[in-house]
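For reference, the structure is listed below as structure tokens.
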Amino acid sequence: MSTDTIRLTIDRGSETQAFDVPAYESQTVLDVVSWVQQNADPSLAYRFACRVGMCGSCAMMVNGVPRWTCRTHVSKVVEDGALHVGPLRNLPVIRDLVVDMDPFFDKWIAAEGVHHGTRTRDDEIAPVDETSPARVEANSGIECINCSVCYAACDTVAGNPDYLGPAPLLRAWTLLNDAKDAGRVAILDAVSGSGGCHNCHSMGSCTAYCPNELDPMSAIAGLKRETMKHALRGRR
Amino acid sequence: MTMVAYKNRAHPLWLAYIVHRLSGLFLALFLPLHFWVLAMAASEPGRLDGFLRFTEYGIVKAAEFGLVFGLAIHMFGGLRLLALEWLPWSAPQKTLAAAAASASFLIAALFLMRAFG
Amino acid sequence: MIGLRLYMAQRISALLMAPFVLGHLAVMIYAIQGGLSAAEILGRTQGSVLWFAFYGLFTVAVSVHAAIGLRAIAHEWGGVSGRALDVLMWVVGLGLLWLGGSAVWAVTYGVAP
Amino acid sequence: MTPQIDRHDTDILILGTGGAGLFAALHARQTAPEAKVTIAVKGLIGKCGCTRMVQGGYNVALGGGDTVERHFMDTIIGGKWLPNQDMAWRLCEQAVVRVRELENEVGCFFDRNPDGTLHQKAFAGQTADRTVHKGDLTGIEIINRLMEKVLASGVEKMQEHRALGLIPTKDGSALAGVLMVDMRTGRFRLVRAKTVLMATGGGPTMYKYHTPSGDKTMDGLAMALRAGLTLRDMEMVQFHPTGLLAGDHTRMTGTVLEEGLRGAGGQLVNHAGQRFMFDYDAKGERATRDVVSRGIYAEMRKNNHPDQEGVFISMSHLGPDFVRQKFKGMVKRCADCGFDLAAGKVEVVPTAHYFMGGVVVDVDTRTAMEGLYVAGEDAGGAHGSNRLGGNGVANSTVYGGIAGDTMGRDVRGMSLRVPDEEVLAAEVARATHPLSVTPGHVLPLRQRLQEVMWEEVGVMRTEAGMRRGLTGIAEVAGELMETGVAGGKVDGDLAFNLTWHDWLNLRSLCDVSEVIAKAGIAREDSRGAHFREDFPETGPLEESAFTVARQVGDAVEVGTEPVRFTLVRPGETILPEGEPETLVAAE
Ligand SMILES: Cc1cc2nc3c(=O)[nH]c(=O)nc-3n(C[C@H](O)[C@H](O)[C@H](O)COP(=O)(O)OP(=O)(O)OC[C@H]3O[C@@H](n4cnc5c(N)ncnc54)[C@H](O)[C@@H]3O)c2cc1C
Ligand code: HEM
Ligand code: SF4
Ligand code: F3S
Ligand code: FES
């Protein structure tokens, strides 16, 4: 079946290299990249773990668009038999296709993306009405796998290194709507700082490219509203 | 790669963003000029008239048209953005809003064309 | 780079400007019909408190709005940050306010032709 | 030439960031706030390992008729009386605390009933609706929330640090530290710690078809083996019946298609388009994992077609729209990979899923070596011969937390120990071996090992087959030692050298594969996940014994030890008299 080949171009630091990779019917971008490391250039560095779109560690730029490579079928992105991959945008490159994701996670924490609980393991679990509007809102963003695809898609992050970015703000919004979370003021403060939600220009690339079909843009808009209400009520 | 990357990444909301930004930048750069010309009105009306006569020429007229047009685009883009951010839209409402915005934009453009035509 | 306050200042000034811009456009379209002259402009605006308030407020709003807008662009596209960014924003804002203010003053309470 | 080794000290060192590792870090911080806690992991914190991949959910008895006793009995019966009963009991009892901790302190949100209480469902093999879940992405919720807490807790992070070897003290009685490599720079690092938790999560990825995360390659058990620790139940490999089959050129192959598909009425059909599961079990597709896996395997063997190896799962008779709506995530995943689960049929094979075997530990996660603790999938005993769906993540989170508490207490009376420099040098030499050999291709060797394990030590086993398997493993291991890694000069370009890591992975897999085959030969009955065609019956339960394996010198020795029925004996129950056998409504 592998009579055809795919022309794969890889950004590797300052240089670009091209490889001809055998094409198969069932093949993801991750498979094409893996083929190069396993058969052509053993020094090629890339990252993956789960292989099924759960861990969010395999994202790369594919033809200029950030994607989970393990869940992107080649046929969906190949253009005239060619593919171009590079390291994820907006994060420091460690080597070849591997980026340092720490800045992204530092911002996740800086956005107060951590549960602020009131109960302990000795208490009963809080009953929650899953149909309440707040919970529906919280649930809408909860499946984020912190893959950084949205972060790489956002031009604001590119130009404004302090900007917390879409996924961390989505997490903050989820917590703000979580009836179990007691960190309201801390969250609103965290997302109102100089790198906060107000830097977002609603360009919507985050929502357009999130492979999970989540909507950070609307979540950020929600934060803008809540921070304004909070300020107008004169709590700061 | 960069240009191709932008081409591949572009999508309607992003285009709206870039148009809004470029129009805003354009307006901001033009504004001092505009003020300067107006200030002439009082100090040197003759010069202003000379300048205004200029507007009869094609290029200048085109520039003026571009300006008004730019202001309109920027304003509607801005109002769209404010609605997007301040009104908790649901997805279908968003589509509706986008449709309404583009309709009003179209009307505005027609209006302007008529006015200048 | 932009916190809550600058954000609100920019959005509120934008909202304020919407009616001004519409009004301004309408006047322009009306005015342009018969060709523009200095005398015409001044004839309309001279000594009018209403015009002064209209364009005065417009100018304040646009100075705030554009200054913050350029701040964002200067940071994201120009790499300006820190003090320089603040200075830039204030220079632009005050500059526009000065230029705009003189223009508005000129056409309303400036010397008659 | 010996490479330079960076030296680093800490109080509590944790290897791995699955459910076990992350919980240990949190609990260690709570129990011993004064101690320095370091967490080292082969990937990124919380973004590797299998806990994140948990779909179905988390077993915990939360009332409504269900009790810890019932959960315990299901665990023992599911494990075919092999589990360490004290461990199983503690697992079931502490799961209740842990799930409250997850919801209340860590911030997880699990699906609710209309009245606001936790929603629970029943996996196969359970007698109550017990499994707490977040849709079918339970692991993501658990690990994301834990990861946030850990990142914010101020632990020292060593990401993309691979543990290479346990370095004991000179007399071998205690652990001094762990040799690691900073994968990003390729530099070696000896991290000394007063206590070390090994939570590297096992992972039977030496099979042609496997579900676990790509970073899991049995490194922990291979290290434990070399350090002379005793491993138990090493023949017990759980196969999930429905792994995706998409060719050996894609990493998608082996990944799991969820259990719920069969539960909802999904049908398995062979190459001729016929359903076959009723030929093997009265419950058809709804039989337990091991039974369905064997049914599929047998069918594949009958068919024996090189181009069409697996069988098919077909859902379309339920109505494509229904399938699309009920199994949204699964349908999308298949679609992304080019398959139509809702309207078409998808080729599947049994796939190695979970490893019941592991290091012998006590109920506090302590091992025979002072300073070394083991929790999660690396530890043996809690599941015996078979793990119930939903008991895996319960096990890793419960025992991870216990490990953190235990280490937090123990660390106060401990001090740093002096490492045996000879062992250290030997471990470095072991890791750098491929750098001094002519480079070759590692992947074909890995594929050969996977083929051998699948064919000879897989779903159905015979003594003759497993002996052939041992020969095959030895051949691969031998050739591996002749296969070098390109670009590798010591102190040369080892930075993010994946091919070197492939080599190291395969080395761990070979070592542990050998133990699996040897333990498999030693168990001459069929029990749970271990099926012997030459001994198809289960031996007398009263005389149940588990296998134990140890490396002595260069050889692996396998023996057995009798199960101690500390809480309940076969044929008895700890449920009160008159309790119904099952609380799950029949379908
Ligand atoms: C697809 C799938 C679905 C599952 N579904 C369920 C389910 O629904 N319910 C259930 O109860 N169980 C389920 N399980 C099983 C469950 O995931 C595991 O039992 C459990 O998560 C193991 O946790 P752990 O912490 O021991 O290991 P893991 O979560 O696997 O973590 C191991 C960690 O160790 C790291 N590591 C490995 N080697 C090294 C090294 N040499 N140096 C440093 N770090 C290393 C890894 O990178 C990883 O971070 C499922 C498993 C899979 C694969
Ligand atoms: C009714 C009139 C106007 C409205 C509703 C409006 C609205 C907005 C809004 C909402 C923004 C924020 C965009 C963002 O942060 O992404 C913006 C940005 C901007 N505006 Fe306006 N504006 C108006 C008029 C003007 C005028 C007259 C000027 C020119 C002087 C101007 C110049 C700018 C600039 C330079 C920006 C920055 C663009 C960017 O950050 O992308 N605006 N405008
Ligand atoms: S919001 Fe979407 S794209 Fe962004 S990190 Fe989460 S899952 Fe990835
Ligand atoms: S792409 Fe960036 S600018 Fe805002 S809407 Fe998304 S975060
Ligand atoms: S490898 Fe985990 S998301 Fe792609």
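Protein chains get the first letters and strands the later ones, always in sequence-line order, with residue 1 at the start of each. These figures come from a predicted structure and were not determined experimentally. Side chains included, hydrogens not; waters and symmetry mates left out as well; all remaining heavy atoms used.
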Identify which part of B:Leu29 has an atom lying under 4.5 Å from any heavy atom of chain C, answering side chain, backbone, both or neither.
neither

Would you say that C:Val21 contacts B:His74 through its side chain, given a criterion of any heavy-atom pair below 4.5 Å between the two side chains?
no

Show your reasoning for whether side-chain contact (heavy atoms from CB on, under 4.5 Å) applies to B:Leu31 and C:Leu99.
CA-CA 9 Å; B:Leu31 201 60; C:Leu99 278 175; over 6 Å; no

For C:Trp77, is the CH2 atom crowded, meaning more than 12 foreign heavy atoms sit under 6.0 Å from it?
yes

Verdict with reasoning, C:Met17 to B:Met75, per side-chain contact (heavy atoms from CB on, under 4.5 Å)
CA-CA 9 Å; C:Met17 270 192 293; B:Met75 182 180 72; over 6 Å; no

For a side-chain contact (heavy atoms from CB on, under 4.5 Å) check, start with the C-alpha distance between C:Leu15 and B:Trp86, then their side-chain angles and the critical distance, and finish with the verdict.
CA-CA 12 Å; C:Leu15 209 57; B:Trp86 287 358; 3.9 Å; yes

Considering only heavy atoms, which portion of C:Gln10 lies under 4.5 Å from any heavy atom of chain B: side chain, backbone, both, or neither?
neither

Of all heavy-atom pairs between C:Ala72 and B:Arg21, which one has the smallest distance, and what is that distance?
CB-NH2, 4.2 Å

Side chains of B:Leu27 and C:Val62: closer than 4.5 Å at any heavy-atom pair?
no

Which atoms of C:Leu96 approach chain B - backbone, side chain, both or neither, heavy atom under 4.5 Å:
both

Looking at C:Ser102, C:Ala66, C:Gly100, C:Gly101, which has the largest count of heavy-atom pairs under 4.5 Å with chain B?
C:Gly100

Per-residue contact mode, C:Tyr55 against chain B (heavy atom under 4.5 angstrom):
neither

Could you walk me through whether B:Phe35 and C:Val104 pass side-chain contact (heavy atoms from CB on, under 4.5 Å), step by step?
CA-CA 8 Å; B:Phe35 285 152; C:Val104 172; 5.6 Å; no

So what's closer than 4.5 Å to chain C heavy atoms on B:His20: side chain, backbone, both or neither?
neither

